[in-house]
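Input: a single structure, listed below in structure tokens.
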Amino acid sequence: MSFKEKIQRFLKELREGAPTRPPAEIRQHEPMSRHTTMKAGGDADLLVVPQDVEELKRVVLAAHRAGLPLIVLGGSNVIVQDGGITGVVVKLSRLNRIRIVGSDRIDAEAGVLLPRLARAAARAGLSGLEFAIGIPGTVGGSIVMNAGTRDGELAPRIDSVTLMRPDGDVVTLEREALRFRYRHAELPQGCVVSARFALQPAPMDEIDATMKRMLGARSASQPLHSPSAGCVFKNPPGDSAGRLIEAAGLKGYRIGDAQVSERHANFIINRGHAHTHDILALIRHVGRQVEQRFGVTLELEVKIIGRAARLKGASRPSKLRSRTHSSHATIMGAS
Ligand code: EPU
């Protein structure tokens, strides 16, 4: 089957899967600059926004049957290459329900943004997610990478995670089965549909005060008003990537419209129309400089996905690609 035929088959499967319902929101050749916090990246062949879990299942099965790769994209902490993404990108922004369960649990669907979840927990008088108030990610993406700050990470607050497997089956796994580490979780193949968080009852004003303090510290030290993918590198053990990059004299260093933030050196900001090949060239430059000066090899925290464009004059991001080919975005391979 040619690629075009696979796309046609996918669309047909999706329509026929539920003839009485309008199909999920689908866009062809959709620029990923519209769907990433970095505001850069080429087009996805198809972008699908399912309305609910049932529709997500139809999308997953249709992609599987058509032999198309499927990527679930939150949009933060990810850099999409200039050549775009082959296959189906799924955005779970409509899976956005939050439910308080009993006295100390919260269920949230994968598309819920963490700051909204943190505020909902605060309103319910539940403590444990205050640190998430300033993280611009979705529940799904944040679980996949065990998102966190110096004040905490998601893993200890997770009770269970519900995943959809590539065959459409839905399974719920307890936290212990997911083997979380610093910015990493071991999830079986599939995409996160929802999660249950276990929190502690606490006075609402205390929770609010903590969130306010954390937000204040974050906006004083990070470039929150410029497009970025968050911290580019993981912190090396016992040190800070931002400190090392600043000490290497790289604050403000710029390639095209990609620039090392003047405010926090572990952020690369998009000054307007940054191409991903410029962002990747800057990441490589920063990594090399830090290695040469301090002998520290920085490991990427952001995930690089998609295909490199064959642009005239663009440097080949081969080293970065080989290091990151197993992207941490939720990817379900084609059959
Ligand atoms: N520093 C510098 N120069 C800089 C940035 C930082 O010297 O340009 C120094 C600071 O002065 C401080 C130390 O480095 O002494 C640590 O900085 P900071 O407190 O800003 O924290 P971080 O380690 O750089 C981590 C997370 C952030 C999170 C903050 C706040 C990682 C890779 N980064 O940053 O998470 O927001 O703590 O809790 O774990 C992200 O994951 O995308 C992210 C931004």
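The first residue of the sequence shown is numbered 1, and numbering continues consecutively from there.
Annotation: side chain of Leu280 is in contact with side chain of Ile283 (closest heavy-atom distance under 4.5 Å). Using a 4.5 Å heavy-atom cutoff, the side chains of Lys91 and Leu73 are not in contact. Put simply, the side chain of Val139 reaches to within 4.5 Å of the side chain of Phe197, judged on heavy atoms. The side-chain heavy atoms of Phe10 and Val59, taken from C-beta on, include a pair separated by under 4.5 Å. At a threshold of 4.5 Å between non-hydrogen side-chain atoms, the residues Val89 and Glu30 do not count as touching. Residues Arg271 and Asp278 fail the side-chain proximity criterion, which asks for heavy atoms closer than 4.5 Å. Residues Val192 and Leu187 have side chains in contact (heavy-atom distance under 4.5 Å, counting atoms from C-beta outward). Contact of the Leu56 side chain with the Cys191 side chain is registered, since non-hydrogen atoms from C-beta on lie closer than 4.5 Å.
Interatomic distance, Glu262 CD to Glu246 CD, rounded to the nearest 0.5 Å: 10.0 Å. Between the OG1 atom in Thr36 and the CD1 atom in Ile79 there is a gap of 9.0 Å [rounded to 0.5 Å]. Going from atom OG of Ser240 over to atom NE2 of His264 covers 5.5 Å, rounded to the nearest 0.5 Å. Atoms CG and CG, on Leu95 and Asp52 in that order, are 7.0 Å from each other to the nearest 0.5 Å. Summarising the geometry, atom CD1 belonging to Ile26 is positioned 8.0 Å from atom CZ belonging to Arg15; distances are rounded to the nearest 0.5 Å. Atom CG of residue Asp169 and atom CG of residue Leu61 lie 9.0 Å apart, to the nearest 0.5 angstrom.
Under 3.5 Å, the side chains of Thr297 and Glu291 contain a donor-acceptor pair of N or O atoms.
Leu117 is not connected to Met204 by any chain of hydrophobic side-chain contacts under 4.5 Å among Ile, Leu, Val, Met, Phe, Trp and Tyr, and they are in different clusters. Hydrophobic cluster membership differs between Leu114 and Leu224, with clusters built from Ile, Leu, Val, Met, Phe, Trp and Tyr side chains linked at under 4.5 angstrom. Under the 4.5 Å side-chain heavy-atom criterion for ILVMFWY residues, a single connected hydrophobic cluster contains both Leu199 and Phe180. The hydrophobic clustering, which links ILVMFWY residues whose side-chain heavy atoms are closer than 4.5 Å, places Val170 and Val90 together. Note: the hydrophobic cluster containing Phe267 does not contain Leu250 (ILVMFWY, side chain heavy atoms under 4.5 Å, direct or indirect links).
Contact between Met38 and Pro227 at its shortest, heavy atoms only, is O-CB, 3.9 Å. Closest of all the heavy-atom pairs between Asn96 and Glu109 is N-OE1, 3.1 Å. Nearest heavy-atom pair, Cys231 versus Asn77, reported as atom, atom and distance to 0.1 Å: O-OD1, 4.1 Å. Closest non-hydrogen pair, Val80 versus Gly42, comes out as CG1-N, 4.3 Å. Minimum interatomic distance between Thr276 and Asp82 (heavy atoms only, all atoms of both residues): N-OD1, 2.7 Å. Leu129 approaches Ala121 most closely through the heavy-atom pair CD1-CB, 4.4 Å.
Residues meeting the side chain to side chain donor-acceptor pair (under 3.5 Å) test with Glu186, sequence neighbours left out: Arg179, Arg181. A search for side chain to side chain donor-acceptor pair (under 3.5 Å) contacts involving Ser127 returns Glu130, not counting sequence neighbours. For Arg263, there are no side chain to side chain donor-acceptor pair (under 3.5 Å) partners, not counting sequence neighbours.
In this structure, Arg254 contributes its side chain and Gly256 its backbone to a donor-acceptor pair below 3.5 Å. In this structure a side-chain-to-backbone donor-acceptor pair under 3.5 Å is missing from Arg27 to Leu47. For the pair Arg119 (side chain) and Ile133 (backbone), a donor-acceptor distance under 3.5 Å is absent. In this structure, Arg157 contributes its side chain and Glu153 its backbone to a donor-acceptor pair below 3.5 Å. A donor-acceptor distance shorter than 3.5 angstrom exists from the side chain of Thr37 to the backbone of Ser228, with no hydrogens or angles considered. Between the side chain of Glu55 and the backbone N or O of Gln51, at least one donor-acceptor pair lies under 3.5 Å. Between the Tyr182 side chain and the Pro237 main chain, no donor and acceptor come within less than 3.5 Å of each other. Under the 3.5 Å distance criterion, the side-chain polar atoms of Lys251 are left unmatched by any main-chain donor or acceptor of Gly249. Side-chain N or O atoms of Asn146 include one that pairs as donor or acceptor with a backbone N or O of Ala155 at under 3.5 Å. Judged by distance alone, with hydrogens and angles left aside, the side-chain atoms of Glu5 form a donor-acceptor pair with the main-chain N or O of Ser2 at under 3.5 Å.
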Side chain to side chain contact (heavy atoms under 4.5 Å, CB included) between Met211 and Met214, intermediate numbers included: CA-CA 5 Å; Met211 290 198 307; Met214 287 174 179; 5.7 Å; no
I would like to know whether Val232 and Val286 meet side chain to side chain contact (heavy atoms under 4.5 Å, CB included); could you show each step before the answer? CA-CA 10 Å; Val232 173; Val286 167; over 6 Å; no
List the steps, then state whether side chain to side chain contact (heavy atoms under 4.5 Å, CB included) holds for Leu298 with Asn266. CA-CA 11 Å; Leu298 292 176; Asn266 196 13; over 6 Å; no
Test side chain to side chain contact (heavy atoms under 4.5 Å, CB included) on Phe131 and Thr210 and set out the steps. CA-CA 8 Å; Phe131 72 92; Thr210 305; over 6 Å; no
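Checked for salt-bridge contact, Glu13 and Arg9 meet the test: a charged N lies under 4.0 Å from a carboxylate O. Using a 4.0 Å cut-off between charged side-chain N and carboxylate O, Glu25 and Arg94 make a salt bridge.
Heavy atoms of other residues, nucleotides or ligands lying less than 6.0 angstrom from NZ of Lys57 number 12 at most.
Test Val290, Leu300, Val302 against Phe233 for side chain to side chain contact (heavy atoms under 4.5 Å, CB included) and you get one pass: Leu300.
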